[in-house]
Amino acid sequence: MKALNIVILAAGKGTRMYSDKPKVLHSLAGKPLIQHVLDCALSLRPQQICTVYGHGGEAVPQAMQQYDAKFVIQEPQLGTGHAVQQAMPLLQDDSRTLILYGDVPLIQHSTLHQMQKAGEGLVLLSVNLENPAGYGRIVRDSEGDVQRIVEQKDATPEELQIQEVNTGIMLVPTAQLREWLGKLSNDNAQGEYYLTDIVEMAVGQGVTVHSVQPAQAWEVDGINNKMQLANLERVWQKEVAARLLTQGVTLIDPARIDVRGNLMCGRDAEIDVGCIFEGQVSLGDRVKVGAYSIIRNASIAQDTQIAPYSHIDSSEVGANCHIGPYARLRPGSKLHDHAHVGNFVEIKNSEIGQGSKANHLSYIGDSTVGCRVNIGAGTITCNYDGANKFRTIIEDDAFIGSDTQLVAPVTVGKGATIGAGSTITKDTPAGELTLSRSRQLTIAGWQRPVKGKK
Ligand code: UD1
Ligand code: MG
């Protein structure tokens with residue numbers, strides 16, 4: 001098979017988004033539209049990808065810097081044919097060029113692969129629509145062979161009856177594409193250089209025109225406004241939920257889950273309503289995620305239970321842990337097996353050893369907590385002096401009394417006990433009770449002040 005070049009058209013203005021942001025940088029499932037297209041394009045292992053941008057200036061190439069793709073500007077924007085022309089200097093004649101749209105985000109690898117297999121010549125991706133208004137129509141002859149594409153604004157009343165429309169996505173032999181683009185004129189209703197006019201040229205030269213239909217209609221849905229964006233987001237989330245259910249994941253309500261990335265689930269994982277998963281998330285066997293939890297870039301090992309309203313970000317959670325409700329694991333947290341982190345507990349950049357518990361109202365930052373440690377309610381690590389961060393080390397089997405402040409850098413020794421209400425500024429010895437608080441006093445006969453009469 002000939003090498004594959006890919007051109008992504010993304011210069012359009014996106015006027016109907018009513019936004020200062022270029023249309024293709026708006027997000028679907030947590031990822032800019034153009035990034036969906038780039039990821040799909042890369043999955044075809046092309047020789048090169050060339051993105052045509054325009055509206056919004058350098059914002060598009062800047063946002064997509066991480067991609068091994070080339071960017072060419074189209075200024076002014078004189079139509080889809082003119083847009084592809086901008087990419088031609090970069091394309092190799094001895095290849096096939098696949099044209100994709102930056103605002104048609106959900107096109108799938110399998111459909112594009114079908115196009116590649118359809119044969120030499122020109123391959124169109126078409127779709128039959130109940131309501132074809134606005135699209136270019138595929139005109140076929142009596143044998144059913146494609147003759148040309150006519151745009152809505154140039155079509156006769158009979159042609160407007162055609163329900164098979166051009167999705168815009170096509171695969172073209174590059175040398176011929178170059179030749180045909182050179183012959184385009186803008187003598188049409190919109191005064192634009194139509195890419196679609198190359199179809200009639202191909203037919204005129206005896207080049208076969210194949211057509212392929214997408215496996216699912218939503219793959220070719222384009223985004224022009226926020227309503228279409230919101231609708232396609234729902235379509236995609238429904239699709240993701242269906243895939244999870246098919247794999248055996250329990251979703252209490254498949255209409256109330258949002259996956260903005262990749263979610264991998266073990267056997268008998270269960271997810272309650274309103275949860276959001278971002279980036280790469282893996283849930284082990286029998287993990288339960290409570291309602292309205294937000295989990296981003298995290299792995300949760302088997303049998304762990306996450307109670308409602310918990311936030312977990314860039315953290316690793318072991319097996320058989322209990323988290324939440326209302327717990328927050330910030331980046332760099334690692335919980336070993338059987339750890340418990342309860343309500344209103346915030347953990348940041350810390351390791352919590354096996355079987356250790358911080359069940360209520362705590363902040364544990366930049367800390368290493370050993371095994372079987374009990375951290376009393378209201379305990380806080382004072383890890384920051386306004387300029388520098390310091391570590392707190394709590395060794396195995398320590399018991400930290402409630403409302404303790406551990407002023408880092410500080411180490412609580414193995415098996416040490418800290419009396420409630422202490423402010424600990426120096427290392428505490430293993431196995432001993434340490435406390436720092438003034439002795440309780442009672443002042444006999446003391447009277448409360450009274451308000452003076454005005
Ligand atoms: C185009 C097709 C039409 C098809 C429809 C599918 C042509 C002439 N018509 O129509 O047959 O049914 O798409 O949605 O090709 N773009 C540029 N530079 C430009 C113009 C457009 O990069 O100068 C990009 C846009 O950003 C967009 C894509 O090309 O991603 C399509 O442009 P759009 O104006 O939406 O094309 P339509 O007129 O709708
Ligand atoms: Mg248009």
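Start at 1 and go down the list; that is how both ligands and their atoms are numbered. Quick note: numbers below take in every heavy atom, side chains included, and nothing from hydrogens, waters or symmetry partners.
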Just checking, any donor-acceptor pair under 3.5 angstrom between side chains of [X] and [Y]?
X      : Y      : answer
Lys23  : Asn224 : yes
Gln354 : Asp337 : no
Arg140 : Gln147 : no

Using distance alone, determine whether [X] and ligand 1 share an N or O pair under 3.5 Å.
X      : result
Leu195 : no
Gln190 : no
Gly136 : yes
Glu151 : yes
Asn224 : no
Tyr194 : no
Val52  : no

> Can you say whether the rings of Trp236 and His36 are parallel (under 30°), tilted (30 to 60°) or perpendicular (over 60°)?
Replying inline: perpendicular
All N/O donor-acceptor pairs, side-chain side in residues 79-88, below 3.5 Å, sequence neighbours left out:
from  : atom 1 : to     : atom 2 : distance (Å)
Thr80 : OG1    : Leu195 : N      : 3.1
His82 : ND1    : Gln74  : NE2    : 2.8
His82 : ND1    : Leu78  : N      : 3.4
His82 : NE2    : Gln86  : NE2    : 3.2
Gln85 : NE2    : Leu181 : O      : 3.0
Gln86 : NE2    : His82  : O      : 2.8

>> Are the side chains of Ile149 and Glu151 in contact, using a 4.5 Å heavy-atom criterion?
In response: yes
Output the list of atoms in ligand 1 that are nearer than 4.0 Å to some heavy atom of [X], sorted by atom number.
X      : result
Leu9   : 22 (O), 24 (C), 29 (O), 30 (O)
Thr167 : 6 (C)
Tyr135 : 6 (C), 12 (O), 14 (O)
Gly12  : 17 (C), 22 (O), 25 (C), 26 (O)

>> Treating Arg96 as the side-chain partner and Gln116 as the backbone partner, does any N or O pair qualify as donor plus acceptor under 3.5 Å?
In response: yes
> Is there a donor-acceptor pair closer than 3.5 Å between any side-chain N or O of Gln405 and the backbone N or O of Thr381?
Replying inline: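 Absent.
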Would you mind telling me if ligand 1 is within reach of the side chain of [X], the backbone, both or neither, using heavy atoms under 4.0 Å?
X     : result
Ala83 : side chain
Leu78 : backbone
Gln74 : side chain

> Counting heavy atoms only, which of Thr80, Val127, Val37 is nearest atom 32 (O) of ligand 1?
Replying inline: Thr80
>> According to side chain to side chain contact (heavy atoms under 4.5 Å, CB included), who are the partners of Ala202, at least two apart in sequence or on a separate chain?
In response: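 For Ala202, the residues satisfying side chain to side chain contact (heavy atoms under 4.5 Å, CB included) (neighbours in sequence not counted) are Leu122, Trp180, Val207, Val209.
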> To the nearest 0.5 Å, what is the distance between CG (Leu9) and OH (Tyr53)?
Replying inline: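 Atom-to-atom, Leu9:CG and Tyr53:OH are 14.5 Å apart.
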